[in-house]
Amino acid sequence: MTVVTRFAPSPTGFLHIGGARTALFNWLYARHTGGKFLLRIEDTDRERSTQEAIGAIMESLAWLELDADEEPLFQSTRAERHAEVAREMLAAGKAYHCYCSPEELQAMRDAARAEGRPVRYDGTWRDRDPSEAPSDIKPVIRLKAPQEGETKIIDRVQGEVTVANAQLDDLILLRSDGTPTYMLAVVVDDHDMGITHVIRGDDHMTNAFRQTQIFEAMGWDVPVFAHVPLIHGPDGAKLSKRHGAVGAEAYRDMGFLPEAMRNYLLRLGWGHGDDEIIATDQAIAWFDLDGIGRSPSRFDMAKLTALNLHYMKQADDARLARLTAPLLASRLGRDLSERDMAVLTDAMPSMKERAKTLLELAEQTEFYFHARPVTPDEKAAKVLTPEARSAIGEMADELSAVAEWTPEAMEALVRGYAERAGLGLGKVAQPLRAALTGRTVSPPVFDVMAVFGREESLARLREAAVA
RNA sequence: GACCCCUUCGUCUAGCGGUCAGGACACAACCCUUUCACGGUUGAGACACGGGUUCGAUUCCCGUAGGGGUCGCCA
């Protein structure tokens, strides 16, 4: 049997972190088994579904590089098929018309709650003669769910979970306006799409029982379920906007790499021994449902950040430059030229291991693109004492004579200068740094000079020397 | 309230009857060092509680407590 998984978001908002992980797990499982990963947009709530949300979700999935094997299916296009299944169940005696008004139902729920009884539909119309039906009310179609016994689901994460059928009521399949409910639509679509494995959030656990009843009423195979525990915020409560409940694209904007995000999300609720750094191809080879934990986990930005540093160090320089460019452009208030891009790429080897995000990369490489004369910040200005300036001038003269403009040659020269002056390297490097970058923090000064090139470096040093 | 699920360092987790309870992030100290980082070494830090079962429970069972989820003509 070929595995077919699906990710089925409802487009009422962005793709939040939990959804992103659900998508990742479905994608990984399909890739691991050589199966298919499908996408279904559950847009049956026309009030709340928006085009913007669809766009945001697709964009986030694209950013995370979770590619579906087929074009996304829009659930709203399948309403006729859903209604047809409802009518089929009606004809087979598996469903019935219910004429209760929303007000009556609400009263029923309120009463039940007040008396401390389970809140359920009481089956008023379950066995009532259709001739008693009021002519002025459009009925809904309800599932004639079993009232005795129990419904069991086999869940690859939660194990065997059983609930007494008495706990479940006759859910609505088709609304009075003839449109399908979520419960019906999901089952019909999962069946028609050939979904074999339903991997989704824990919040759908109770839905699994009701959906199983529909599958069984239709005589369809029930897919394998895997209900993944939810992700909570750092405080253990539900994810709120303050922490993880922002869209996945927000993490892109914060300067995280998609591969870091995937690795982080993978390790949140899934483990493979002591392994922490798990590249995507390795994840595909290793991922299995048995590795999913049963307890909810908390979102931890620090760990994501640490992972991001790791992947940044490994990332290709040109790619990092490309990703950093727009962030840098917005800091500088101008676009980067081809020449700028070359400088940025050259700057990456010494830069990428000291920045945790692309945002930091942009911030820390910014000085390369500030035109001369250098404007030192407060700390750098303090370093540039008159003595330091004259030393910078002397070093500039010596440096101008260096044959090869390499970090090694420059370092040898400056070390020699420091020794003759009876100073540590730090004493002379800081003024150089301040003169070159206008800051007191930067990559090693000789790397910086190599990136700037001979001409630009000497110009900066000489300006600092005479200032 | 009813039903269902969960509970190992602060966080993510390993563990699947006998372990000095391991790793990672974060934290602290030290080393490295031209600044900041990276890196390295070391340290502190956990089996929610109470009963069983067993020669022996973190591990199995039952309670308690705490947390979470679900109870719509929303998805």
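Protein chains get the first letters and strands the later ones, always in sequence-line order, with residue 1 at the start of each. Worth saying up front: this structure is predicted, and the values here are computed from it rather than measured.
Distances shown here put a side-chain N or O of Ser297(A) below 4.0 Å from the OP1 or OP2 atom of U13(B). The side chain of Arg354(A) places no N or O atom within less than 4.0 Å of a non-bridging phosphate oxygen (OP1 or OP2) of G39(B). Listed pair Lys356(A) / C38(B) meets the phosphate criterion, a side-chain N or O lying under 4.0 Å from OP1 or OP2. The shortest distance between the side-chain N/O atoms of Arg415(A) and the OP1/OP2 oxygens of U34(B) is below 4.0 Å. Using a 4.0 Å cut-off, some side-chain N or O of Lys313(A) falls inside it from OP1 or OP2 of G39(B).
Judged by distance alone, the side chains of Thr357(A) and Asn308(A) never bring a donor and an acceptor atom under 3.5 Å apart.
Between U70(B), U35(B), A75(B), one nucleotide has an atom nearer to the side chain of Met183(A) than all others, and that is A75(B). The side chain of Lys303(A) has A24(B) as its nearest neighbour among U11(B), U34(B), A24(B). Of the candidate nucleotides U34(B), A75(B), C73(B), C73(B) has the atom lying nearest to any side-chain atom of Arg142(A). Checking C73(B), C12(B), C38(B) against the side-chain heavy atoms of Thr181(A) singles out C73(B) as nearest. Among the nucleotides A75(B), C3(B), G22(B), the one closest to the side chain of Asp274(A) is G22(B). Side-chain atoms of Val441(A) lie closest to U35(B) of the nucleotides G39(B), C25(B), U35(B). Across A75(B), U7(B), G23(B), the shortest atom-to-atom separation from the side chain of Glu276(A) is found for G23(B).
For an aromatic pair to be called close, the ring centres must be under 6.0 Å apart, and Tyr264(A) with Phe299(A) satisfies this. Under the 6.0 Å cut-off for aromatic ring centres, Phe225(A) and His227(A) qualify, their centroids lying closer than that.
Using a distance-only test at 3.5 Å, with no hydrogens or angles considered, no donor-acceptor pair links the side chain of Arg40(A) to the main chain of Ala8(A).
As rounded to the nearest Å, G10(B) and A46(B) have P atoms that lie 7 Å from one another. Comparing the P positions of G69(B) and C12(B) gives a spacing of 15 Å, expressed to the nearest Å. For the P atoms, the distance linking G67(B) with A26(B) amounts to 30 Å, nearest Å. Across the P atoms, U59(B) and U53(B) are found 15 Å apart, a figure rounded to whole Å. C55(B) and G40(B) are spaced 47 Å apart, taking the P atom of each and rounding to whole Å. Using atom C1' as the reference point in both G51(B) and A65(B), the two lie 14 Å apart (nearest Å). Comparing the same atom, P, in C60(B) and in G15(B) gives a spacing of 12 Å after rounding to whole Å. Comparing U64(B) with U70(B), their C1' atoms are spaced 23 Å from each other, to the whole Å.
Contacts of Asp43(A) with the nucleic acid, taken as non-hydrogen atoms under 4.0 Å apart, are absent. When heavy atoms are screened at a 4.0 angstrom cut-off, Glu353(A) is found touching base atoms of the nucleic acid. Using a 4.0 Å heavy-atom cutoff across all strands shown, Pro296(A) reaches sugar-phosphate atoms only and no base atom. Contact annotation for Pro443(A): base contact, defined as any heavy-atom pair under 4.0 Å involving a base atom. When heavy atoms are screened at a 4.0 angstrom cut-off, Arg433(A) is found touching base atoms of the nucleic acid. Nucleic acid contact for Ser442(A): base, since at least one base atom lies under 4.0 Å from a heavy atom of the residue. The residue Arg439(A) sits apart from the nucleic acid: no heavy atom pair falls under 4.0 Å. Base contact: Val140(A) has a heavy atom under 4.0 Å from a base atom. Backbone-only contact: Thr44(A) has heavy atoms under 4.0 Å from sugar-phosphate atoms and none from a base. Among the protein residues, Val161(A) comes within range of the sugar-phosphate backbone only, with heavy atoms under 4.0 Å from sugar or phosphate atoms but none that close to a base. Residue Leu230(A) is classed as a sugar-phosphate contact, given heavy-atom separations below 4.0 Å to backbone atoms only. Nucleic acid contact class of Phe209(A) (heavy atoms, under 4.0 Å, all strands): none. Base contact: Leu425(A) has a heavy atom under 4.0 Å from a base atom.
Nearest-nucleotide positions on RNA chain B place Met205(A) closer to the 5' end than the other of Gly269(A) and Met205(A). Remark on RNA chain B: of its neighbouring residues Pro139(A) and Gln430(A), the 5'-side contact belongs to Gln430(A), judged by nearest-heavy-atom nucleotide.
Base pairing analysis places G18(B) opposite C55(B); the two distances defining the Watson-Crick or G-U wobble pair are each below 3.5 Å. Of the nucleotides present, U64(B) is the one that pairs with A48(B) by Watson-Crick or G-U wobble criteria, both distances under 3.5 Å. Pair check for C36(B) finds none; no Watson-Crick or G-U wobble contact set falls under 3.5 Å.
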Starting from the C-alpha separation in whole Å, work towards a yes-or-no answer on ring-ring contact (aromatic ring centres under 6.0 Å, His included) for Phe25(A) and Phe287(A).
-> CA-CA 8 Å; Phe25(A) 282 12; Phe287(A) 188 78; 5.1 Å; yes
Between Lys144(A) and Asp170(A), does a salt bridge (Lys or Arg N to Asp or Glu O under 4.0 Å) hold up when you go through it step by step?
-> CA-CA 6 Å; Lys144(A) 198 176 239 176; Asp170(A) 292 343; over 6 Å; no
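Counting to the nearest Å, the P atom of C71(B) and the OH atom of Tyr182(A) are 10 Å from each other. The CZ-P distance, from Arg267(A) to C25(B), rounds to 11 Å in whole Å. Leu307(A) places its CG atom 10 Å from the P atom of A26(B), with the value rounded to the nearest Å. Taking atom CG on Asp377(A) and atom P on U35(B), their separation rounds to 17 Å, with Å as the unit. Counting to the nearest Å, the C1' atom of U7(B) and the CD atom of Gln158(A) are 13 Å from each other. In this structure, CH2 of Trp286(A) is placed 17 Å from P of U13(B), rounded to the nearest angstrom. Rounded to an integer number of Å, the gap from Leu174(A) CG to G72(B) P is 19 Å. If you take CZ of Arg109(A) and P of C3(B), they are 20 Å apart, rounded to a whole angstrom.
Tested against His82(A) for a side chain to side chain donor-acceptor pair (under 3.5 Å), the candidates Thr181(A), Asp189(A), Asp192(A), Thr179(A) yield a single pass: Asp189(A).
Seen from the ring of Tyr121(A), Arg142(A) counts as a face-on cation partner, given the 6.0 Å and 45° thresholds.
Here the closest non-hydrogen pair linking Met312(A) and Lys352(A) is O-CD, 3.4 Å.
Taking only distance into account, the side chain of Asp275(A) never meets the base of A24(B) through a donor-acceptor pair shorter than 3.5 Å. Counting distance only, with no hydrogens placed and no angle test, the side-chain atoms of Ser176(A) and the base atoms of C73(B) include a donor-acceptor pair under 3.5 Å.
More than 90° away from 0 lies the glycosidic angle of C31(B), which makes this nucleotide anti.
Between Asp177(A) and Lys138(A), no side-chain nitrogen of the basic residue sits less than 4.0 Å from a carboxylate oxygen of the acidic one, so the salt-bridge criterion is not met.
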